[in-house]
Every structure is written in C-alpha cells, then in structure tokens.
Amino acid sequence: MKIATFNINGIKARLPALLDWLDEARPDVAVLQEIKSVDAAFPRDPFEERGYNVETHGQKSFNGVAILSRLPLEDVTRGLPGDEGDEQARWIEATVIGERAVRVCGLYLPNGNPAPGPKFDYKLDWMSRLQTRARALLDSEEPAVMAGDYNIIPQDEDAARPEAWARDALALPEARSAFRRILNLGFTDAFRAQTHSGGHYSFWDYQAGAWNRNDGIRIDHVLLTPQAADLMTDCWIDPGLRGREKPSDHVPVWVELEA
DNA sequence: ATGCCCAGCCATGCTGGA
C-alpha cells in the first residue's frame with residue numbers, strides 16, 4: 001500500500017497538475033490538504049473516473065482535507081475530536097482495506113503565525129487535541145497513519161536557513177515540543193526513520209526564488225503507530241513536482257506499507 | 001524593517017498562507 005500526503009494549495013487551481021501526478025505516480029491512497037473548497041464543489045468526477053474513492057471534509061475558501069483511495073474505505077469520520085465549536089476543516093479519517101486494514105488520518109495542522117497570539121494558541125490547543133486522538137490510535141494497537149501538513153519544522157536540520165525560522169510558529173520551542181510529545185507517545189516519523197541526514201524539504205515558498213535556491217523546510221510528515229511502522233518498507237519525498245508548471249508550494253511525501 | 005508570490009473571493013484590494 002503506497003500512501004502519499006500532499007498539500008495541494010487549492011483544488012481548483014491544482015486540478016490539472018494533481019491529475020497528471022495521480023496518473024504518473026498512482027498512489028493507492030492520497031491524503032490532500034488545503035483543498036480550499038466546500039464538499040459540494042469538489043470535482044469528484046475526474047478522480048472517480050480514475051478509480052479513486054473520494055472523501056472530503058471541506059470549507060469555503062480555506063483549509064479543507066480529503067482522502068482519495070483506490071482501495072475500499074470504511075468508517076470515514078470528519079473533524080478532530082475535542083472541540084465541537086471548531087469550524088475549521090483540518091482532519092479526516094478512514095480505514096483503508098488493503099491486504100491489511102490501515103487507519104489513515106489526513107490532517108492540516110494550523111500554521112499558528114503570528115506567535116505569540118490567538119492563532120498560536122489555537123495551534124497549541126489543536127495539537128493537544130491531536131495528542132489525545134493519537135493516544136487513542138495507539139491504544140487500538142492497530143496499524144494507523146497520521147499524514148499531512150503539520151506546519152512543524154521538527155529540528156534545525158529540517159530547514160535550509162533555520163535562523164530565519166527561529167521565532168516562527170513552525171519552529172518555536174513550544175510548537176516543537178508539542179510535536180515531540182506526540183512522537184514520544186510511541187509514533188515514528190516515517191521519513192526520519194528512513195533518512196537520517198538533514199537537508200530534505202517538502203515546502204518551498206513561492207517568494208524570493210526559494211525553490212531555485214533550495215531554501216526549503218520539511219513540514220509535511222507521516223507518523224506511524226508501532227504496528228504501522230512494522231509494515232513500513234520505504235518513505236520518501238518527491239521534490240520534483242515543485243519545479244513544474246503552476247505547482248503547489250508543497251510536494252508529496254510518500255510511505256509504502258506491506259499492507 | 002518590509003515585501004517578494006500565490007489562491008480565493010458576492011474581489012479589483014484584502015485575508016491567509018508559511
């Protein structure tokens with residue numbers, strides 16, 4: 001089972017590039033972030049024509065997540081538990097039925113800038129709720145994957161210019177430690193388990209020629225429960241998409257499971 | 001110190017992103 005997470009930065013703007021990528025790369029499961037569309041306006045047809053089941057959790061203009069899967073999906077849920085008043089569409093889950101059943105969670109973690117401030121408080125609150133859900137996934141003792149745009153630069157080696165991010169919500173100590181608290185429950189950062197060196201990025205700003213200067217950051221992550229980590233055979237980033245026509249500012253991060 | 005670029009919107013300048 002090949003799973004990719006991809007922040008597409010708008011389904012309307014990215015549809016041709018996304019379809020080209022799906023046709024070439026053929027993920028079994030793709031979790032998408034920042035669809036920036038309500039569910040009713042999501043263009044399901046081109047995905048269904050390609051054999052993908054489509055589950056979305058969108059909102060107008062901002063945020064929004066989706067799961068595309070060529071394998072059957074069961075028990076789809078939307079929204080991160082823990083705050084009934086949270087209107088922001090940032091979390092979706094489904095069980096993917098492959099050779100093994102894998103619980104796949106797609107997430108778009110709040111950016112949190114400017115920090116300090118209410119947006120950073122919301123980010124930390126959201127991460128606290130994520131930790132609660134992560135603990136429940138561990139308690140299930142089943143293979144589970146939490147994949148998406150975490151908006152966290154875990155360590156300085158995950159940024160080309162760490163000093164430029166030192167006071168940013170993506171790298172502040174409070175944000176990093178909230179991310180580590182989730183890892184410390186017993187999750188594996190799939191990419192870091194596969195590749196120990198720094199200098200691997202999943203996002204390059206549109207501004208100031210960041211891509212051409214390889215001025216990137218690694219903020220899209222795949223976290224695995226121990227049962228999922230046991231099944232992992234590979235994990236990689238596909239940076240090439242960033243150099244194409246009309247790209248997203250993020251690129252896909254992949255994990256392959258024996259499932 | 002600030003904007004750069006990009007997407008979306010009952011828009012033609014603003015918010016949000018990271």
Side-chain angles (χ1 to χ4, degrees), chain A residues 5-19 21 31-43 56-66 86-91 106-127 130 147-176 178-179 191 199-221 237 239 241-253:
Chain A
T5 176
F6 192 3
N7 180 324
I8 59 173
N9 188 17
I11 186 61
K12 296 176 188 70
R14 210 66 57 221
L15 188 59
L18 178 61
L19 293 174
W21 171 71
V31 300
L32 308 179
Q33 301 88 38
E34 284 206 269
I35 64 173
K36 297 186 175 181
S37 166
V38 295
D39 294 335
F42 191 91
T56 62
H57 179 43
Q59 69 180 87
K60 185 182 171 71
S61 303
F62 306 117
N63 308 323
V65 289
D86 186 357
E87 301 285 325
Q88 299 192 28
R90 296 180 175 276
W91 180 267
L107 68 103
Y108 177 45
L109 205 149
N111 172 305
N113 280 305
K119 291 189 174 182
F120 192 60
D121 294 341
Y122 174 68
K123 178 177 195 161
L124 296 178
D125 286 347
W126 203 93
M127 294 184 80
L130 174 59
D149 177 356
Y150 279 75
N151 272 317
I152 294 285
I153 302 167
Q155 296 186 265
D156 281 356
E157 67 192 20
D158 299 309
R161 293 185 304 123
E163 71 283 358
W165 299 94
R167 283 164 294 281
D168 191 281
L170 278 62
L172 280 171
E174 275 183 283
R176 283 182 168 174
F179 182 70
F191 184 80
H200 301 277
Y201 312 126
S202 65
F203 169 91
W204 295 261
D205 201 299
Y206 288 121
Q207 301 181 68
W211 165 249
N212 290 324
R213 295 185 292 112
N214 195 25
D215 180 11
I217 51 178
R218 190 174 75 92
I219 56 174
D220 298 271
H221 307 300
I237 299 173
L241 263 65
R242 186 63 180 80
R244 294 191 182 181
E245 286 293 308
K246 209 169 163 55
S248 172
D249 40 7
H250 297 250
V251 296
V253 180

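Worth knowing before you read on, the calculation uses all heavy atoms, side chains too, and leaves out hydrogens, waters and symmetry mates. Every chain is numbered from 1, with letters handed out A, B, ... down the list of sequences. All of these numbers come straight from a predicted model, not from anything done at the bench.
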Under 4.0 Å, counting only non-hydrogen atoms across every strand here, what does [X] touch: a base, just sugar-phosphate, or nothing?
| X | value |
| --- | --- |
| A:Asn63 | nothing |
| A:Asn151 | sugar-phosphate |
| A:Asp149 | sugar-phosphate |
| A:Ala208 | base |
| A:Tyr150 | nothing |

Between [N] and [M], how far apart are the two [atom1] atoms, rounded to whole Å?
| N | M | atom1 | answer |
| --- | --- | --- | --- |
| B:dC5 | B:dA11 | P | 25 Å |
| B:dT12 | B:dG8 | C1' | 13 Å |
| B:dC4 | B:dC9 | C1' | 22 Å |
| B:dC6 | B:dC10 | P | 23 Å |
| B:dA1 | B:dG13 | C1' | 23 Å |

Between [N] atom [atom2] and [X] atom [atom1], what is the distance in whole Å?
| X | N | atom1 | atom2 | answer |
| --- | --- | --- | --- | --- |
| A:Asp249 | B:dG16 | CG | C1' | 12 Å |
| A:Asp220 | B:dA18 | CG | P | 9 Å |
| A:Asn7 | B:dC6 | CG | P | 16 Å |
| A:Leu109 | B:dG17 | CG | P | 12 Å |
| A:Glu34 | B:dT15 | CD | P | 18 Å |
| A:Asn113 | B:dT2 | CG | C1' | 16 Å |
| A:Lys123 | B:dG17 | NZ | C1' | 12 Å |
| A:Arg218 | B:dA18 | CZ | C1' | 16 Å |

When you measure from the side-chain N and O atoms of [X] to the phosphate of [N], is any distance below 4.0 Å, counting only OP1 and OP2?
| X | N | value |
| --- | --- | --- |
| A:Tyr206 | B:dG3 | no |
| A:Lys246 | B:dC5 | no |
| A:His250 | B:dA18 | yes |
| A:Lys36 | B:dG17 | no |

Handout entry: Whichever of A:Gly112 and A:Asn9 has its nearest DNA chain B nucleotide further upstream toward 5'
Key = A:Asn9
Problem - Salt-bridge criterion met for A:Asp149 and A:Arg90 (N-O under 4.0 Å) - result: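 No, A:Asp149 and A:Arg90 are not salt-bridged.
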Problem - Aromatic plane relationship, A:His221 with A:Tyr150 - under 30° parallel, 30 to 60° tilted, over 60° perpendicular - result: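 If you compare the ring of A:Tyr150 with that of A:His221, the planes turn out tilted.
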Working to the nearest 0.5 Å, report the span between [atom1] of [X] and [atom2] of [Y].
| X | Y | atom1 | atom2 | answer |
| --- | --- | --- | --- | --- |
| A:Gln33 | A:Asn7 | CD | CG | 5.5 Å |
| A:Asp220 | A:Phe191 | CG | CZ | 11.5 Å |
| A:Ile153 | A:Phe203 | CD1 | CZ | 9.5 Å |

Practice task
Please confirm whether the backbone N or O of A:Ala169 pairs with a side-chain atom of A:Lys123, one donor and one acceptor, at under 3.5 Å?
Solution key: yes
